[in-house]
Amino acid sequence: MSRRYIECSNCGERIYEGDIIHKEEGLCGIYCSTQCYLESAPTNYKETTLTDEEVDLCGDVWKEDMDE
């Protein structure tokens with residue numbers, strides 16, 4: 001009897017149907033472990049200033065802090 005599997009998007013280890021997987025909701029990539037998921041994290045990390053453009057790109061909305 002054969003078993004269905006896919007390969008981890010990072011290391012290629014077999015992940016069989018019914019196994020626990022690690023992934024980010026809404027994104028492609030299925031990983032066999034937390035370590036593999038973290039190793040595959042985007043490498044285009046960028047530190048920048050929060051601006052209108054960044055807020056719009058992420059679909060966020062500015063909120064007002066009503067200090068006394």
Side-chain angles (χ1 to χ4, degrees):
M1 181 175 168
S2 64
R3 293 177 26 186
R4 297 191 322 169
Y5 73 91
I6 62 167
E7 294 180 348
C8 174
S9 298
N10 183 55
C11 73
E13 182 175 318
R14 290 180 180 186
I15 307 171
Y16 290 94
E17 186 174 12
D19 285 353
I20 299 296
I21 61 168
H22 304 266
K23 66 182 302 290
E24 188 163 348
E25 188 173 340
L27 295 181
C28 292
I30 298 175
Y31 305 94
C32 65
S33 66
T34 303
Q35 184 65 35
C36 275
Y37 169 75
L38 293 173
E39 287 175 3
S40 293
T43 57
N44 58 351
Y45 170 81
K46 173 180 159 185
E47 185 174 300
T48 189
T49 303
L50 184 60
T51 63
D52 284 331
E53 181 181 13
E54 294 295 332
V55 171
D56 290 342
L57 283 172
C58 292
D60 281 313
V61 177
W62 287 110
K63 297 177 177 66
E64 291 289 328
D65 188 5
M66 302 302 229
D67 289 336
E68 295 176 31

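If you read the sequence from its start, that first residue is 1, and numbering goes on from there. Given the structure is predicted, the values throughout are model-derived calculations rather than measurements.
Looking at residues two or more places apart in sequence or on another chain, you find no salt bridge (charged side-chain N to carboxylate O under 4.0 Å, His left out) involving E53. Considering only residues two or more places apart in sequence or on other chains, D52 meets the side chain to side chain donor-acceptor pair (under 3.5 Å) condition with W62. Remark: E13 pairs with no residue by the side chain to side chain donor-acceptor pair (under 3.5 Å) rule, at least two apart or across chains. Take R3 and apply the side chain to side chain donor-acceptor pair (under 3.5 Å) test, not counting sequence neighbours, and it matches no residue. With sequence neighbours left out, the side chain to side chain donor-acceptor pair (under 3.5 Å) criterion links Y31 to no other residue.
As a member of the Ile/Leu/Val/Met/Phe/Trp/Tyr network built from side-chain separations under 4.5 Å, I21 groups with I6, I15, I30. Here Y16 sits in one hydrophobic cluster together with Y5; the rule is ILVMFWY side chains under 4.5 Å apart, joined directly or through other members.
Between the CG atom in D19 and the CZ atom in R14 there is a gap of 12.0 Å [rounded to 0.5 Å]. Going from atom SG of C8 over to atom NE2 of H22 covers 9.0 Å, rounded to the nearest 0.5 Å. Note that CD of E39 is 7.0 Å distant from OG of S33, once rounded to the nearest 0.5 Å.
Counting heavy atoms of neighbouring residues, nucleotides and ligands inside a 6.0 Å radius, atom CG of L57 exceeds 12 of them.
Shortest non-hydrogen contact noted between V55 and V61 is CG1-N, 4.1 Å. Among all heavy-atom pairs drawn from K23 and Y37, the shortest one is C-CE1, 4.2 Å.
The closest side-chain heavy-atom distance from C32 to C11 is below 4.5 Å.
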